[in-house]
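This report concerns only the one structure given below.
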Amino acid sequence: MTTSTLDSLTAHDTADMLGAIATLPSQLADGLARARVLREELTAAWPAEGGATPRTLVVCGMGGSGVGSDLLPAAADVAAPIVAVKGYDLPGWVSDEDRVICVSYSGLTAETLSCFRQAIQKSIVHAVITTGGELAELARAEGVPVVELPGGMQPRAAVGVIFAALTGVAETLNVVADADHVVRDAIAGATLVVEENTAGDEPAALGFARQLHDHVVVIYGSGQTEAIAHRWKAQVNENGKVPCFANAYPELDHNEIVGWEYARATGAKWALVELLPFAASDAIRARFDITRRLISDVVGTDLRFEPSSTTRAGAAFEQLVWGDYVSVYLALVRGIDPSPVERIQSLKGELAGR
Ligand code: PA5
């Protein structure tokens, strides 16, 4: 492909989503630095002797802001369960044995604000992570530390800075032992894929997007890559603006595998993306192989991503960044702009007007 062909595709990327993906390595460093600014304050708020952790770390956030809560246990060894809350209410069992972090890029998301208010009633908010908005105002009024995110991005494009800020805050609760280490590994994994897709006129991700174009894409992960599969799905939805579904082994072999029997009759073209986990066990690898064979009669395109990184955080970000690039090129091969998410904005507007 010539440079001018690539240029004519990327001309649709008016807000430079491709450029934002290329900043992920530097975002990761920046996010940790932003959490570290508050390290003393946050450590003072959790003066646990001997490295004690809260019973659970509850992370509230929606969409692009919620992805950090899934990624953290996928990319790092965590010393307490991470409970992702993606809704209006904290679980009833949450008490002063737990700690809550609220993440909203805009600081305006209704569900996250609702959880913040509930957590403040229980005096268990450890920090908020946001660019501003009502969430920052409420937090400051309550004396809750605010990790400030850089503005001007789509929330989903800020995944590096959000993840690293969350990792840094989790370290102050002893939930992550060494945030520097995790973020360094994540940077290495992200960098591999950024370099592979920014050198030359034929980015590999564009080739993958061409293969997935015009298909309903199903993403399968397992263990660590369950969270990455859901990130891919959300990116294909929001950037590519096409239906996409995600699931994980081994559970999908106990239900979804049967549903494929009807796939051909839907008339859709189906594509499978397989995200092999870091250090996959023989049992899990066998499930990927056998299931792929069993559904091969209906799957038109099959792409398998196996990480080359040798660390958990590196592998997580390596596979995540592939999904970010492929999803953006999926939009560009259709001649549409990956950045706007008009349906999300109009839905939020309609709900706010009620
Ligand atoms: O990518 C998006 O725009 C959405 O998924 C948002 O992240 C989601 O609607 C939540 O908004 P915010 O990230 O501002 O809290």
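Just follow the structure's listing: the first ligand is 1, and inside any ligand the first atom is 1. Note that the numbering runs from 1 along the sequence shown for the chain.
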What is the closest protein heavy atom to [atom], and at what distance does it sit?
atom                    : result
atom 14 (O) of ligand 1 : S106 OG, 2.6 Å
atom 13 (O) of ligand 1 : S65 OG, 2.5 Å
atom 1 (O) of ligand 1  : E238 OE1, 2.6 Å
atom 9 (O) of ligand 1  : K348 NZ, 2.8 Å

Whether W232 side chain and C244 backbone form a donor-acceptor pair below 3.5 Å: no

Side-chain (E142) to main-chain (I120) donor-acceptor, under 3.5 angstrom: no

For G63, the ligand 1 atoms whose distance to one of its heavy atoms is below 4.0 Å: 5 (O), 7 (O)

Per-atom contacts, ligand 1 versus S104 - under 4.0 Å to a heavy atom: 12 (P), 14 (O), 15 (O)

Pair [X] + [Y]: basic N to acidic O under 4.0 Å:
X    : Y    : answer
R293 : D289 : no
R117 : E134 : yes
R231 : D324 : yes
R140 : E148 : yes

Enclosure of D297 CG (heavy-atom neighbours >12, cutoff 6.0 Å): yes

Contact (N/O only, under 3.5 Å) between [X] and ligand 1:
X    : value
T109 : yes
G64  : yes
Q345 : no

